[in-house]
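To start, the structure itself, in structure tokens.
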There are 2 protein chains.
Amino acid sequence: MEPIAGGPAQLVLTASIARRYYVDGRSKVEIADEFRLSRFKVARLLDQARSSGLVRIEISHPGNVDLDLSARLQETFGLRRAIVVDTPEVDPAALRLQLGKAAAELLTEIVTTDDVLGLAWARAVTAMTDQLTSLARVPVVQLTGALSRPDVEANSVELVRHTARLSGGPAYLFYAPLVVPEATTARALRQQPEVAEAIGHFDSVTKAVVGLGSWAPGQSTLYDAMDENACEQLQRRGVVADISGVFVDAKGVPVQSKVTDRVIAINAEQMNAIDEVIAIPYGLGKVEAVRAAVRSGLVNGIVTHSPLARALLDEVT
Amino acid sequence: MEPIAGGPAQLVLTASIARRYYVDGRSKVEIADEFRLSRFKVARLLDQARSSGLVRIEISHPGNVDLDLSARLQETFGLRRAIVVDTPEVDPAALRLQLGKAAAELLTEIVTTDDVLGLAWARAVTAMTDQLTSLARVPVVQLTGALSRPDVEANSVELVRHTARLSGGPAYLFYAPLVVPEATTARALRQQPEVAEAIGHFDSVTKAVVGLGSWAPGQSTLYDAMDENACEQLQRRGVVADISGVFVDAKGVPVQSKVTDRVIAINAEQMNAIDEVIAIPYGLGKVEAVRAAVRSGLVNGIVTHSPLARALLDEVT
DNA sequence: CGCAGCTCCGCTCATATGAGCAGACGGTTT
DNA sequence: AAACCGTCTGCTCATATGAGCGGAGCTGCG
């Protein structure tokens, strides 16, 4: 594997040939003519140069995306997209900013005029849309109601409106909370014209960005906004993750419950029909939630940071 | 030239493809199948990966040979061999040791049983033979008489004998000084059986290692050993280098003179007939001598250190 | 010696690859 | 709307390349 060349002259020759081939881009035939060797000899010297480590090939780039982790995450979990931002940042707000930036670039890249974009309410999604600089002209559909929190200025409606304006496409949005105390209220809200219209567009959504929470205190804005009873009930049902209002257990199976009816959001079946669903998880507390979300097949794109990506890959080993 | 990829997803894709291609050694066709792309797309992404700097290819090795300088020296001066040892060493003795080691490895590598090896007397050549560990079975021919100096233990004879013993081939050696005060003495010496026999083998020598001095005090053991008159006379004739007793001017033209007749050594014509003649120059004072020696075509192999190599290349620019 | 085992070489032939072309698309200008 | 331009795509076909073969030369062993 690593027995370097046979002598200094051959070493120099091999290096010269390697430079001609790899750096100057000449063909082996040309090189063979130049050095008065057979093309086979050239090929063998080049093989040797590679296997001896004389020629080293590195893949890296100046930005902060960890290409290797991204690719491994993508392959390991069978994802359509995986972007791992290489950062040691731990502050959630700063992390959201960085991941939001990466997600924004991703969205700009992958959304074409044929798409219909769905956006769920989540702080990470807001961080993304805030940093969106351009987007193909597409309809933008609001996928969930909003939660009002003191630490968040933008709501689900603003998020959608802003994105649609940037895109130049129509916005399908509505004013409603993500979760209400009674199922009947939720049903009534779904009847409202704007809500019904948005829901009517769920089927045509081709790409969506959703929130992803771990079903535990402080790991999901939905958990924190819900009454204790509901939280516990879902936990008893094995829920480990909420994907913008869709609850899934550790095996990735969506969980139906009375609580589900109280949520104004896209449901599991509709989400499953969407071609690409991207989540932006961060924080090591979300390892299991991500795993469940990916297993469910509902989420097939991930934008995250390197510590979480590593944790996800480590546990697989 | 350096505009990196278009978006993060493409970046990750390109990196994955680059890894498959360059690291895993898969063909573009295989990669195309794997990623559901056309082979053209794969080729284009790979081109982009190269030109954007995503894929970097380095040629280097753990040893102390500067491959790039070696190759450039070889190409620039049209040399058959060039080995540049990368070392900051300035002490002549230590430098001789390092260059001798490299030259020994070179000799081991390039000498085959079909060769006839010629060795001139020089401290650098001694440093080489001292570090020879193996050599194909070849006749070894002494090319010059010896100079006895207080700081040198081995003489030309020992040098040849030692090498022949290592090789297992016959030695053609003789006891005579490199230079004598009178041309008649030199002629007489050349008539001696051993000397004549060695000289008789000059024509069959195929590879030789010679000394190379700059024609100035302290830059050539021959200069230092000669009478002042002779030195000056040669200098007036434009001599800038002595190649184991062969004097050449700045243009590389061998200089004949009365002094030449006093030297017991291979002559310019005979040296010119040798396929490979390797010198081991060191010290920045020898820049012009090396240039002259190479220009003459008499020397077509160089083993040297990086500062001298750089000086040689710099002056060309 | 003479022969097995080795490395190294250049060959054939199937496959991979590159150069350059033409169609498709999106965006812009008349 | 029509014409245009730049970009991106996949194609054809000539060329480059890889896999694997058999021969030459060297080495060590019986």
Side-chain angles (χ1 to χ4, degrees), chain A residues 1-7 9-11 13-14 17-52 55 57 108-117 133-139 166-169 206, chain B residues 1 3-7 9-11 13-14 17-52 55 57 108-115 133-138 166-169 206:
Chain A
M1 185 64 187
E2 294 273 351
I4 305 292
Q10 190 181 347
L11 199 61
L13 175 66
T14 306
I17 288 175
R19 196 165 54 77
R20 275 263 180 282
Y21 187 75
Y22 287 110
V23 182
D24 301 345
R26 305 242 151 271
S27 79
K28 294 177 185 180
V29 175
E30 286 177 298
I31 295 167
D33 289 345
E34 179 180 344
F35 288 87
R36 308 289 177 83
L37 300 168
S38 74
R39 68 183 179 84
F40 307 99
K41 179 76 178 173
V42 171
R44 278 162 184 147
L45 284 174
L46 283 169
D47 286 348
Q48 192 197 335
R50 284 284 294 273
S51 63
S52 70
V55 169
I57 299 183
T108 299
E109 181 185 4
I110 68 173
V111 169
T112 73
T113 50
D114 298 333
D115 283 314
V116 175
L117 178 61
T133 54
S134 85
L135 194 64
R137 183 189 198 85
V138 290
L166 195 82
S167 152
T206 57
Chain B
M1 186 63 185
I4 307 291
Q10 190 181 345
L11 198 61
L13 175 66
T14 306
I17 287 175
R19 194 166 55 77
R20 275 263 180 278
Y21 186 75
Y22 287 110
V23 182
D24 301 345
R26 304 243 151 270
S27 79
K28 294 176 184 180
V29 174
E30 286 177 298
I31 295 167
D33 289 345
E34 179 180 343
F35 288 85
R36 310 288 178 83
L37 300 168
S38 75
R39 68 182 181 85
F40 306 100
K41 179 77 177 172
V42 171
R44 279 162 184 147
L45 286 173
L46 284 169
D47 286 347
Q48 191 197 335
R50 283 286 291 275
S51 63
S52 70
V55 169
I57 299 183
T108 299
E109 180 185 5
I110 67 173
V111 170
T112 72
T113 49
D114 298 334
D115 282 314
T133 54
S134 86
L135 194 64
R137 184 188 195 87
V138 289
L166 194 81
S167 152
T206 57

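Protein chains get the first letters and strands the later ones, always in sequence-line order, with residue 1 at the start of each.
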Please round to the nearest 0.5 Å and tell me the distance separating atom [atom1] of [X] and atom [atom2] of [Y].
X: A:Arg50; Y: B:Tyr22; atom1: CZ; atom2: OH; answer: 9.0 Å
X: A:Ile31; Y: A:Arg20; atom1: CD1; atom2: CZ; answer: 7.5 Å
X: B:Thr112; Y: B:Leu135; atom1: OG1; atom2: CG; answer: 10.0 Å
X: B:Asp114; Y: B:Arg137; atom1: CG; atom2: CZ; answer: 14.0 Å

List the atom pairs, with distances to 0.1 Å, where a side-chain N or O of residues 36-46 of chain A and a protein N or O form a donor-acceptor pair under 3.5 Å, not counting sequence neighbours.
unit_1, atom_1, unit_2, atom_2, d
A:Ser38, OG, A:Phe40, N, 3.4
A:Ser38, OG, A:Lys41, N, 3.0

Might you point out which heavy atoms bring [X] and [Y] nearest each other, and give the distance in Å?
X: A:Glu109; Y: B:Gln10; result: OE2-N, 2.8 Å
X: B:Ala136; Y: B:Ser167; result: O-OG, 2.9 Å
X: B:Leu166; Y: B:Ser134; result: CD2-N, 3.8 Å

Please give, in whole Å, the distance from [N] [atom2] to [X] [atom1]?
X: B:Leu45; N: D:dG10; atom1: CG; atom2: P; value: 11 Å
X: B:Glu30; N: D:dT17; atom1: CD; atom2: P; value: 17 Å
X: A:Asp47; N: C:dG10; atom1: CG; atom2: C1'; value: 15 Å

List the residues meeting side-chain hydrogen bond (donor to acceptor under 3.5 Å, both in side chains) with B:Tyr21, not counting sequence neighbours, and say none if there are none. none

Who are the side-chain hydrogen bond (donor to acceptor under 3.5 Å, both in side chains) partners of B:Thr206, not counting sequence neighbours? B:Asp115

Does anything in residues 19-28 of chain A come within less than 4.0 Å of DNA chain D? Heavy atoms only, and list the residues if so. A:Tyr21, A:Ser27, A:Lys28

Please give me every residue in residues 33-42 of chain A whose heavy atoms get under 4.0 Å of an atom in DNA chain C, ordered by residue number. A:Ser38, A:Arg39, A:Phe40, A:Lys41

Heavy atoms under 4.0 Å is the rule here; annotate nucleotides 21-28 of chain D 5' to 3' with B where the base is hit, S where only the sugar-phosphate is, and - elsewhere. --------

